[in-house]
Amino acid sequence: MGSSFAIIAFFSDIPINFMSFYRNSTLRISTCLIALLSLSFCLSCGNNYNSYSVGPNQTSGYKHRILVSNAYNGSLLIINAANNFLFGRQITTTPQPQYLALSHDGKFTLSFSNVAETVYYFDNKTEQVSGNTIAVGGNVESLGILSNNTTAITASRNAPVNGAASGVVYLLDITNRVISATIAVPLVRRVVLNPAGTAVLAFADNTNSAYLIDTTANTATAIPDPNGVLDNPVNAVFSSDGNTAFILSCGAECGGTQAKVTAYNVSSNSLGNSVDVVGATAGVLDGNGNLWVSGSPNGVGFLQSISTSSLGSGSVTPSTPVGITNGYHTLMALTNTNRLYIGSQNCSNIADPVGNPIQGCLSIYNLGSGAVVNAAQTGDVTGLQVDPDDNEVFAAQGGTLVIYDANTDQALPQTNQIAISGQAYAILQIS
């Protein structure tokens with residue numbers, strides 16, 4: 001206040017018009033300085049929503065986009081993966097938009113909410129939810145889009161079926177936003193599509209059968225298993241050409257006997273060779289044709305690899321099991337830096353006896369050195385997305401979005417993280 005009084009007294013003999021101009025100019029300069037300081041402060045505290053005003057129809061303009069579902073307030077968030085900056089407009093859906101699926105032509109993304117049991121259509125160009133939603137019965141855990149980009153497929157374990165056990169595979173007409181077919185499969189939990197979206201397998205609880213879904217005839221047929229090799233199959237990993245699937249049998253972890261991997265020929269609808277493994281609920285193929293599988297028999301997490309070419313010839317020995325975090329493994333992602341990210345749910349979140357402060361639900365395995373890093377962040381891993389351009393990995397852990405450096409296996413500094421108010425759940429790169 002003393003400084004202000006001195007300035008006014010000093011200029012007391014200046015004409016009033018000039019004084020008015022001076023005061024207005026000073027106010028403008030002060031306002032600009034405050035705005036610049038505020039912007040600098042926001043940037044120094046880590047990324048959050050953009051500080052500038054964003055109109056309801058404004059698009060991000062980002063060329064490299066990652067979509068994150070906020071399960072708490074029901075929205076989709078757009079991240080500029082080039083600089084890890086969050087766009088200032090949230091796209092409203094409904095609470096718990098948990099699962100995301102990208103069309104093969106890249107024009108749209110589907111988002112499913114388990115609270116509303118509803119599928120939303122997100123236009124990747126306009127960055128808006130558009131058109132009618134599609135209501136389905138029951139909760140789902142998987143969502144895919146067929147090669148025609150006009151049909152989606154999902155499965156609900158608890159969808160009611162008249163006169164039979166619950167469980168339905170849904171075919172969704174994306175153009176007309178309706179259910180086009182329902183295929184009864186008792187207790188079906190997951191559908192898995194090949195990369196091109198031309199073949200679909202389905203897996204149900206409490207059964208030793210895997211199912212081939214005919215999306216033309218709208219039927220589900222148990223895959224022939226004359227030798228009874230499948231043991232609680234729960235998932236599959238397709239080859240890059242989509243002609244072969246490696247079916248993962250959960251075994252003892254799911255109430256069966258022996259976890260294993262079994263080759264399946266899509267065109268002949270027949271099973272091939274099998275190999276026993278310690279656990280198998282999630283898997284991923286590397287560039288050398290090795291299939292990496294993870295599981296948690298008896299509450300202990302393990303990772304193993306299998307040569308798929310050796311499996312095809314009938315002579316294969318899995319690698320020595322490597323200890324990783326436990327829980328039910330659902331997600332695996334491979335980086336350009338030869339790191340394998342393995343995420344689980346319902347893990348122990350216990351103290352790590354080998355020196356890490358926390359053993360959470362995310363493990364990072366270095367394929368070169370064989371070292372394992374257990375991420376310090378606790379909570380279920382519900383989303384994993386590799387950003388190959390920047391060698392970063394986006395992970396949703398316990399509702400928190402965490403970005404990892406795929407070269408160091410460590411989370412980026414806090415100033416390079418993205419603060420999300422709510423619950424980060426699914427993560428998907430859309431461009």
Side-chain angles (χ1 to χ4, degrees), residues 99-106 108-110 112 119 140-157 167-174 179-186 188-204 207-226 229-230 232-250 260-274 280-286 289 291-293 306 308-309 311-312 330-332 428:
Y99 298 99
L100 301 172
L102 178 66
S103 64
H104 297 276
D105 58 12
F108 65 90
T109 301
L110 297 183
F112 181 85
V119 177
V140 309
E141 295 182 13
S142 58
L143 180 65
I145 299 172
L146 301 187
S147 59
N148 57 18
N149 292 308
T150 61
T151 306
I153 190 166
T154 187
S156 174
R157 184 186 188 278
V168 164
V169 172
Y170 290 107
L171 290 174
L172 309 177
D173 181 340
I174 301 172
I179 296 173
S180 57
T182 58
I183 306 170
V185 180
V188 62
R189 183 176 291 276
R190 179 178 291 107
V191 291
V192 180
L193 286 72
N194 68 353
T198 57
V200 183
L201 299 181
F203 301 93
T207 177
N208 288 333
S209 296
Y211 298 86
L212 176 65
I213 305 299
D214 187 327
T215 58
T216 301
N218 299 330
T219 59
T221 304
I223 294 172
D225 184 12
V229 298
L230 298 180
N232 284 263
V234 295
N235 205 345
V237 178
F238 277 91
S239 59
S240 58
D241 61 12
N243 295 327
T244 303
F246 301 98
I247 296 176
L248 310 185
S249 287
C250 183
K260 63 185 67 177
V261 175
T262 305
Y264 167 72
N265 186 288
V266 176
S267 60
S268 64
N269 187 28
S270 61
L271 295 176
N273 297 319
S274 287
T281 59
V284 68
L285 276 168
D286 67 19
L291 175 67
W292 295 84
V293 294
I306 301 158
T308 56
S309 60
L311 178 62
T330 57
L331 297 171
M332 296 178 70
L428 181 68

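What you see is a predicted model, and the numbers here were worked out from it, not measured in a lab.
Between atom CG of residue Leu230 and atom OG of residue Ser274 there is a gap of 7.0 Å, rounded to the nearest 0.5 Å. From Leu110, atom CG reaches atom CG of Leu100 across 9.0 Å, with rounding to the nearest 0.5 Å. Rounded to the nearest 0.5 Å, atoms CD1 (Ile174) and CG (Leu146) are 8.0 Å apart. To the nearest 0.5 Å, atoms CG (Leu143) and CG (Leu172) are separated by 7.5 Å. Put simply, OH on Tyr170 and OG on Ser180 are 12.0 Å apart, with the number rounded to the nearest 0.5 Å.
Residues Arg190 and Ser142 share a closest heavy-atom pair of CA-OG, 3.6 Å. Closest heavy-atom contact between Thr262 and Gly272: CG2-O, 4.0 Å. Contact record, Ala220 with Val185: CB-CG2, 3.5 Å, taken as the closest heavy-atom pair. Taking each heavy atom of Leu248 and Gly283 in turn, the nearest pair found is CD1-N, 3.8 Å. For the pair Cys250 and Val234, the tightest heavy-atom approach, listed with the atom from each and the gap, is CB-CG1, 3.8 Å. Val169 approaches Ala202 most closely through the heavy-atom pair CG2-CB, 4.4 Å.
In this structure Asn265 satisfies the side chain to side chain donor-acceptor pair (under 3.5 Å) test together with Ser267, Ser268, sequence neighbours excluded. Arg189 is linked by a salt bridge (Lys or Arg N to Asp or Glu O under 4.0 Å) to Glu141, Asp205, counting only residues two or more places apart in sequence or in another chain. Every residue two or more places apart in sequence or in another chain that forms a side chain to side chain contact (heavy atoms under 4.5 Å, CB included) with Val284 is listed here: Trp292, Met332, Leu340. Residues satisfying the side chain to side chain donor-acceptor pair (under 3.5 Å) test with Thr109, not counting sequence neighbours, are Asn124. Residues passing the ring-ring contact (aromatic ring centres under 6.0 Å, His included) test with Phe108, sequence neighbours excluded: Tyr121. Considering only residues two or more places apart in sequence or on other chains, Asn218 meets the side chain to side chain contact (heavy atoms under 4.5 Å, CB included) condition with Leu171, Ala181, Ile183. For Ala263, the side chain to side chain contact (heavy atoms under 4.5 Å, CB included) criterion is met by Phe246, Leu311, not counting sequence neighbours. For Asn269, the side chain to side chain contact (heavy atoms under 4.5 Å, CB included) partners at least two apart in sequence or on another chain are Leu212, Ile223, Pro224, Tyr264. Applying the side chain to side chain donor-acceptor pair (under 3.5 Å) rule to Thr215 yields no partners; only residues at least two apart in sequence or on another chain are considered. Checked against side chain to side chain donor-acceptor pair (under 3.5 Å), Thr151 has the following partners two or more places apart in sequence or in another chain: Asn148.
Identified under the side-chain hydrogen bond (donor to acceptor under 3.5 Å, both in side chains) test for residues 234-249, with sequence neighbours left out: Ser239-Asp241, Asp241-Asn243.
Of the candidates Leu201, Val192, Ile153, Ile153 is the only one forming a side chain to side chain contact (heavy atoms under 4.5 Å, CB included) with Ile213.
In this structure, the side chains of Val188 and Tyr211 stay at 4.5 Å or more apart for every pair of heavy atoms. A heavy-atom distance below 4.5 Å is not found between the side chains of Ile179 and Asp173.
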